[in-house]
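As the structure lists them, so they are numbered: ligands from 1, and atoms in each ligand from 1.
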Amino acid sequence: MTANIINGKSISEDIRGNIAEEVQRLAKKGFCPGLAVVLVGEDPASQVYVRNKEKACHDLGFYSEVHRIPESSSEEEVLALVDKLNRQDNIHGILVQLPLPKDIDEKAVLNAIAVEKDVDGFHPINVGNLVIGDDSLLPCTPAGVIELIRRTGIDMAGKHAVVIGRSNIVGKPVSLLLQRENATVTMCHSRTSNMKELTQMADILVVAIGRAKMIDASYIKPGSVVIDVGMNRLDNGKLAGDVDYDSAKEVAGYITPVPGGVGPMTITMLMKNTLLASKRLGGLD
Ligand code: NAP
């Protein structure tokens, strides 16, 4: 059996189409969602991510501001910029591109973003709301993972989901969102002793490790849904996931490719969060 491919690129385009239509409707009421991105320093990968976010804003009709400030900026300067953006009425979402230079306390900066403008979903209050099941802005990559599973048409309720990886930005929030969908969730990490036994029982397997092609067909339950969050640059310059796609696709029922799976969903979910935040702040929700 060869798995159905979950095409993150086309699902993402579909969602972006809906967002663009809603932005046009809001424009008729004289309202425009606004996103501010703060980039400190000149990290090449961060520059690419920020350019992609700027382009998404442009394509979907959002107002955007990109604040590129030097690597030598002090923590106080970054905090002052965040404070200014918190008070700016035309900005509804604020994203500080990580990683920050080592002399700046990342936590202090993320905690300074107004909760209602925290479109990355990393503020402790948004994280806390996710844990207790209250309404919150959801972290983008985990929200994208859930949307990809939803698009297979498979009901997550009652399924056994296994998540490999327990990071704050991917593994932990994915596991909470799967529980919210009424899946029964098992978390694996570097200290899990019987990982293969557990993954072989997974109806849904989400892999977020950061090790190229580690999860091959032998880990996968036949017919299951496999979501590969991994993005690893190989020596030959190509991008590879954490799943060995070629072998896994012969066993899984549904699988995401890398690139073209989870990757395109992250910025799309950022735009969705910014639209949601703007409607709430503008009293249009
Ligand atoms: P991370 O913070 O490094 O966390 C990796 C997790 O994997 C940790 O919980 C670690 O366990 C676990 N792990 C490491 N080796 C393992 C092993 N041999 N067996 C089982 N578990 C193991 O990474 P991350 O930020 O979550 O990112 C994971 C991957 O997703 C990376 O490839 C990253 O580039 C990618 N990513 C993609 C997107 C996207 O938009 N597509 C967004 C974010 C991240 P311990 O906790 O025990 O150390």
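- Heavy-atom proximity to G165, at under 4.0 Å, picks out these atoms of ligand 1: 6 (C), 7 (O), 9 (O).
- Within the structure, the closest approach of M265 to ligand 1 does not fall below 4.0 Å when heavy atoms are considered.
- In the model, S218 has a side-chain atom that pairs as donor or acceptor with a side-chain atom of K196 under 3.5 Å.
- Side-chain contact check for Q47 and Q97: no donor-acceptor pair (N or O, by modelled atom type) lies under 3.5 Å.
- For T192, the closest heavy-atom approach to ligand 1 does not fall below 4.0 Å.
- For atom 9 (O) of ligand 1, the closest non-hydrogen atom of the protein is R166 N, 2.8 Å.
- One N or O on the side chain of S12 and one on the backbone of P264 form a donor-acceptor pair closer than 3.5 Å.
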### Message
The test is salt bridge (charged side-chain N to carboxylate O under 4.0 Å, His left out); show your working for K159 and D155 and say whether it passes.
### Response
CA-CA 8 Å; K159 297 291 187 305; D155 185 5; 5.7 Å; no
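- Those atoms of ligand 1 that come under 4.0 Å of a heavy atom in N232, given as number and element, are 32 (O).
- Counting atoms of ligand 1 from 1 in the listed order, those under 4.0 Å from a heavy atom of V262 are 41 (N).
- Atom numbering of ligand 1 starts at 1 in the shown order; those under 4.0 Å from a heavy atom of G263 are 41 (N).
- Of the protein's non-hydrogen atoms, the one nearest atom 40 (O) of ligand 1 is T266 OG1, 2.8 Å.
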### Task
Walk me through it: do E147 and R150 pass the test salt bridge (charged side-chain N to carboxylate O under 4.0 Å, His left out)?
CA-CA 5 Å; E147 186 59 27; R150 204 174 274 142; 3.1 Å; yes
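- Using modelled atom types and a 3.5 Å distance limit, the side chains of K107 and N111 yield no donor-acceptor pair.
- Among I6, T256, L177, L178, the one residue that satisfies the side-chain contact (heavy atoms from CB on, under 4.5 Å) test with I149 is L178.
- With respect to atom 35 (C) of ligand 1, the closest heavy atom belonging to the protein is V229 O, 3.3 Å.
- The closest approach between any non-hydrogen atom of G171 and ligand 1 is not below 4.0 Å.
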### Task
Applying salt bridge (charged side-chain N to carboxylate O under 4.0 Å, His left out), run through E71 and K102 and close with a yes or a no.
CA-CA 10 Å; E71 176 98 21; K102 60 176 177 9; over 6 Å; no
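- The protein heavy-atom contact nearest to atom 34 (O) of ligand 1 is M231 O, 3.3 Å.
- For C188, the heavy-atom gap to ligand 1 stays at 4.0 angstrom or more.
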### Query
Does the side chain to side chain contact (heavy atoms under 4.5 Å, CB included) test come out yes or no for I220 and V226, once each step is laid out?
CA-CA 8 Å; I220 291 167; V226 177; 4.0 Å; yes
### Task
Show your reasoning for whether salt bridge (charged side-chain N to carboxylate O under 4.0 Å, His left out) applies to K279 and E22.
CA-CA 11 Å; K279 289 199 307 187; E22 193 157 0; 2.4 Å; yes
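- The distance between the ring centers of H92 and F31 falls below 6.0 angstrom.
- The backbone and the side chain of I209 each have at least one atom closer than 4.0 Å to an atom of ligand 1 (non-hydrogen atoms only).
- Protein heavy atom closest to atom 2 (O) of ligand 1, with residue, atom name and distance, is S167 CB, 3.3 Å.
- Between the side chain of D228 and the backbone N or O of D242 there is at least one donor-acceptor pair closer than 3.5 Å.
- In terms of protein heavy atoms, atom 31 (C) of ligand 1 is closest to G210 CA, 3.6 Å.
- Considering CG of N52 and OG1 of T266, their distance stands at 11.0 Å, rounded to 0.5 Å.
- Among all protein heavy atoms, the one lying closest to atom 21 (N) of ligand 1 is H189 C, 3.2 Å.
- Of the options S190, C140, P173, G144, the smallest heavy-atom separation from atom 47 (O) of ligand 1 is shown by S190.
- Taking all heavy atoms of T141, V207, V170 into account, the minimum distance to atom 38 (C) of ligand 1 is reached by T141.
- Protein heavy atom in closest approach to atom 17 (C) of ligand 1: M214 CE, 3.8 Å.
- Geometrically, ligand 1 and I164 share no nitrogen or oxygen pair separated by less than 3.5 Å.
- In terms of N/O distances under 3.5 Å, ligand 1 is approached by R211.
- Near I169, with a cut-off below 4.0 Å to any heavy atom, the atoms of ligand 1 are 25 (O).
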